[in-house]
Amino acid sequence: MSNWDRFTDTFFNAKVMLKYLPDILSGVVVTIELALLIVVTGIAAGLALALLRSLAIRPLNWLIIFIVDLFRSLPPLVVIVLIYFGLPSVNLSPSGFVSTWLSLAFVLMAFSEEIFWAGITSVAKGQWEAARSTGLSFGQTLMNVVLPQAFRLTIPPLTNRTIAITKGTSLGTVVAVTEILGQASSAMSNSYNPSPLMMGAAAYIVLFLPVVVAARWVETKFAWKR
């Protein structure tokens, strides 16, 4: 057997790949479900916190800043472990799927809140004053004048952070979530062959490469033109 044959037999063994293909595909479904839930809840919660922070209620802002800094500081893996193994001590037993979803959504919430807040504060004070002078209320100024400009500025950093967080679904393997990496690792252990891991890597590329390309298109479309 040549070196090339040994390489393909080790990493791209067709017999092993066909046997474990259904497992990898089921992992793809779980990964998509997790990623969608994380993106929707994380960004929505981050935007809600940024809007609450714009009310300038000092005790509330201190609490928001504490929560945001806490989840920006903690590694996502630690948050997953704390939720999965810590909550049963208070009679709550979330599944591995729910623990991974909540953990990564909290982390995305923290980063997206800071991104939205940076976008809101980047709008010139004169625009706030001009809008209020026309008779608009604080809420109308925020929603109709400030937020549209802030969204434009937040799209590039928000898309990058969203992609980084959603790839973290592979961390769910530590709490037995059967997403792509979990299925591939299990199949590799059972077959004594890394070919399922190569299928897992290909699945990640198929899933996330279009997202990266779409994000680049969105960044270009909404970028300020000189």
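Every pair tested for salt bridge (charged side-chain N to carboxylate O under 4.0 Å, His left out) that includes a residue from residues 92-111 fails, sequence neighbours excluded, so the list is empty. Residue pairs satisfying the salt bridge (charged side-chain N to carboxylate O under 4.0 Å, His left out) criterion with at least one member in residues 201-210, sequence neighbours excluded, are absent. Pairs passing the ring pair (Phe, Tyr, Trp, His ring centres under 6.0 Å) check and including a residue from residues 119-165, sequence neighbours excluded, read Phe116-Phe151, Trp128-Phe138. Each ring pair (Phe, Tyr, Trp, His ring centres under 6.0 Å) pair with one or both residues in residues 17-54, not counting sequence neighbours, would appear here, but there are none. Among pairs with a residue in residues 26-42, those fulfilling side chain to side chain donor-acceptor pair (under 3.5 Å) read Ser26-Gln183, Thr41-Trp101, at least two apart in sequence or across chains. Identified under the salt bridge (charged side-chain N to carboxylate O under 4.0 Å, His left out) test for residues 84-112, with sequence neighbours left out: none.
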Side-chain donor-acceptor distances from residues 53-60 under 3.5 Å, at least two apart:
{"unit_1": "Arg53", "atom_1": "NH1", "unit_2": "Glu113", "atom_2": "OE1", "d": "3.4"}
{"unit_1": "Arg53", "atom_1": "NH1", "unit_2": "Glu113", "atom_2": "OE2", "d": "3.3"}
{"unit_1": "Arg53", "atom_1": "NH1", "unit_2": "Glu114", "atom_2": "OE2", "d": "2.8"}
{"unit_1": "Ser54", "atom_1": "OG", "unit_2": "Leu51", "atom_2": "O", "d": "2.5"}

Side-chain polar contacts of residues 194-210 - donor-acceptor pairs under 3.5 angstrom, sequence neighbours left out - could you list them?
{"unit_1": "Ser195", "atom_1": "OG", "unit_2": "Thr10", "atom_2": "O", "d": "3.2"}
{"unit_1": "Ser195", "atom_1": "OG", "unit_2": "Phe11", "atom_2": "O", "d": "3.3"}
{"unit_1": "Ser195", "atom_1": "OG", "unit_2": "Phe12", "atom_2": "N", "d": "3.4"}
{"unit_1": "Ser195", "atom_1": "OG", "unit_2": "Asn13", "atom_2": "N", "d": "2.9"}
{"unit_1": "Ser195", "atom_1": "OG", "unit_2": "Asn193", "atom_2": "OD1", "d": "2.5"}
{"unit_1": "Tyr204", "atom_1": "OH", "unit_2": "Glu179", "atom_2": "OE1", "d": "2.6"}

Only distances under 3.5 Å count here; give the side-chain donor-acceptor pairs of residues 70-93 to other protein atoms, sequence neighbours excluded, each with its distance to 0.1 Å.
{"unit_1": "Ser73", "atom_1": "OG", "unit_2": "Asp69", "atom_2": "O", "d": "2.6"}
{"unit_1": "Ser89", "atom_1": "OG", "unit_2": "Gly86", "atom_2": "O", "d": "2.5"}

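Proximity of Leu108 to Arg161: side-chain heavy atoms (C-beta onward) are separated by under 4.5 Å at one or more points.
Across all their heavy atoms, Leu153 and Ser122 have their closest contact at CD1-OG, 2.9 Å. Minimum heavy-atom separation, Ile165 to Leu104: CG2-O, 3.6 Å. Listed here is the closest heavy atom pair of Met143 and Pro148: O-CD, 3.4 Å. Between Gly42 and Ser112, the shortest heavy-atom distance links the atoms O-OG, 3.3 Å. When all heavy atoms of Leu181 and Ser170 are compared, the closest pair comes out as CD2-CB, 3.6 Å. Thr100 and Leu34 make their closest contact through CG2-CD1, 4.0 Å (heavy atoms, listed as atom of the first residue, atom of the second, distance).
In this structure, the separation between CD1 on Ile180 and CG on Asp23 is 12.5 Å, given to the nearest 0.5 Å.
Not counting sequence neighbours, Trp62 has no partner by the ring pair (Phe, Tyr, Trp, His ring centres under 6.0 Å) test. A search for side chain to side chain donor-acceptor pair (under 3.5 Å) contacts involving Thr173 returns nothing, not counting sequence neighbours.
Clustering of Ile, Leu, Val, Met, Phe, Trp and Tyr by side-chain heavy atoms under 4.5 Å joins Ile65 with none of the others.
In this structure, the side chain of Asn190 engages the main chain of Ser186 through a donor-acceptor pair within 3.5 Å.
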